[in-house]
Protein chains: 2
Amino acid sequence: MARLQSREGRRRVSHSMESVLTEAVALLDEAGAPALTFRALAQRLGGGVASIYWYVASKDELLDRAADHVIGGVLADIEKLPVGDDPIDDLRTMALTLFDAIVDRPWLGAYFMRNTDVQGNSLLLYEKLGRQTLRLDLDARQRFHAVSAIVGVVVGSAVDMGQEPPQEVLDGAVDREEYLGRFAQRWRELDPEEFPFVHEIVDEFDGHDDVDQFRSALELTLTGLRLQAGG
Amino acid sequence: MARLQSREGRRRVSHSMESVLTEAVALLDEAGAPALTFRALAQRLGGGVASIYWYVASKDELLDRAADHVIGGVLADIEKLPVGDDPIDDLRTMALTLFDAIVDRPWLGAYFMRNTDVQGNSLLLYEKLGRQTLRLDLDARQRFHAVSAIVGVVVGSAVDMGQEPPQEVLDGAVDREEYLGRFAQRWRELDPEEFPFVHEIVDEFDGHDDVDQFRSALELTLTGLRLQAGG
DNA sequence: GGTACGATAGAACAGCGTTCGATGATGTGC
DNA sequence: GCACATCATCGAACGCTGTTCTATCGTACC
């Protein structure tokens, strides 16, 4: 795709929507949201800054499309999943797949399903989730709310967990374990009379597993949903 | 508090942590996250930009503290609530109070409970929520997960709903109703064969009430929790 | 009254998203 | 083979941002 030619002057590089999004996501994955700048992206693509504006109208649109690009991968994974007997089991599997993608990409939460005009994959994923609720004994409103609830749990948990850690963790100077441990330590020093709950759960918090935490939250919602659908 | 004096030169203005946070939150509430800049804040306080740095070390810390400032109000509201017989009913009320505060402040979701060192109110709120779970028949891990789940639902729903609308809505040129209606219309034009679920719920989506949506999501989680606690 | 310190502020800096105008490359009609 | 419109690219500039530097003011204390 890259045809470059020059009489003697500087190179011209030709991109494509695909390559722009791929490199944008790569930047985000490698160094987090602040690393995605038009200048950094242009350098990676070997071109000029303004060229990117031929593909997207703004940084917001770039992130919308980058998000949808990632969701495309998630969607492909989800479509590979076997269809089970129990729609709620299928919902759980799909939610977990989505969670895995978001938890490593805190920026994704804020842009998921933000503008379905340019986010065809997100809409398809939404449809895929919703289709499971069609197999349950619910009315339209309950179905709408059910999918919203599941997406809410996924996004909420992922945002809560995946927020950009301070620089020291990103650098690798301090690992996540130790970072959490510091907070735990601070919590342990609180007055037990004033903070009985914090003391109750501090050991659980210290060194806890994000996926476990998410699974539990999801399970509560799915249990509620199952009950609503009549067992 | 504001003592100003000058022989003939320019005024000097004295602030306070309180006034800095109050004005910061006011800016955020009036015009959204992008409106909070150090220059805008300084002008509002009638002082210079660099003065703000005497109170906070960075914009991140400013937002951490602003978030906690708002949560302080939420906490006060929650402490006014009567203690009921059913801890789950109390959890619902508290979650709704928290939701109300976050839904109008999308930025809050991202900064809530981010750094408990400077967010004493958030920690107190977390404790308040958690204390309800102490009245339930659960183990420590379940309690930890329960509170995480509730916070996740609140933040997830609020972030999903409250994301900064495009400029036209913020200006008031287009109201929220119409903005949602546009998406609904686009959805109605999709192929019903390919998007059966979207068609099923599009009327629910169109003109839906955010609070209803959140209540439903919360109810699913609370139902699951009640079941987990043994009815 | 000098002096230390709490608090304020203007100016400058690097980096950001975005816009502008110019220019290279490409495909079409003749 | 050549003009021409269009697609795509790019460097430079603009206004804005968070942040830092350095200088200064005002107050309380000995």
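In what follows, chains are A, B, ... by sequence order, proteins preceding strands, each numbered from 1.
Defining each end axis of the helix from C:dG1-D:dC30 to C:dC30-D:dG1 as the rotation carrying four pairs' C1' atoms onto the next four, with five pairs an end, the two axes are found to diverge by 10° to 10 degrees.
Checked for salt-bridge contact, B:E61 and B:R114 miss the test: no charged N lies under 4.0 Å from a carboxylate O. A salt bridge between B:R131 and A:E200 is absent, with no side-chain N of the basic residue lying under 4.0 Å from a carboxylate O of the acidic one. Residues B:D77 and B:K80 are paired through a salt bridge, judged by an N-O separation under 4.0 Å between the basic side chain and the carboxylate. Checked for salt-bridge contact, A:R188 and A:D203 meet the test: a charged N lies under 4.0 Å from a carboxylate O.
Taking atom CG on A:L45 and atom P on D:dT9, their separation rounds to 10 Å, with Å as the unit. Distance B:Y55 OH to D:dT19 C1': 18 Å, rounded to the nearest Å. One interatomic measurement links the two molecules: CH2 of A:W54 to P of C:dT19, which rounds to 17 Å at whole-angstrom precision. As a whole-Å value, the separation of B:M17 CE from C:dA7 P is 12 Å. Nucleotide D:dG11 holds its P atom 11 Å from the CD atom of A:Q43, rounded to whole Å.
In terms of heavy-atom proximity, B:A95 sits nearest to B:L218 at CB-CD2, 3.8 Å. In this structure, A:A35 and A:A31 approach most closely via the heavy-atom pair CB-CB, 3.4 Å.
Between A:F144 and B:H208, the ring planes lie perpendicular to each other; the angle is over 60°, past the 30° to 60° tilted range.
Counting only N and O atoms by type, the side chains of B:D68 and B:S122 include a donor and acceptor under 3.5 Å apart.
The phosphate of D:dC10 (OP1 or OP2) has a side-chain N or O of A:S51 nearer than 4.0 angstrom.
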| query | How would nucleotides 12-17 of chain C be written as a contact map, 5' to 3', with B for base contact, S for sugar-phosphate-only contact and - for no contact, using protein heavy atoms under 4.0 Å? | reply | B---BB
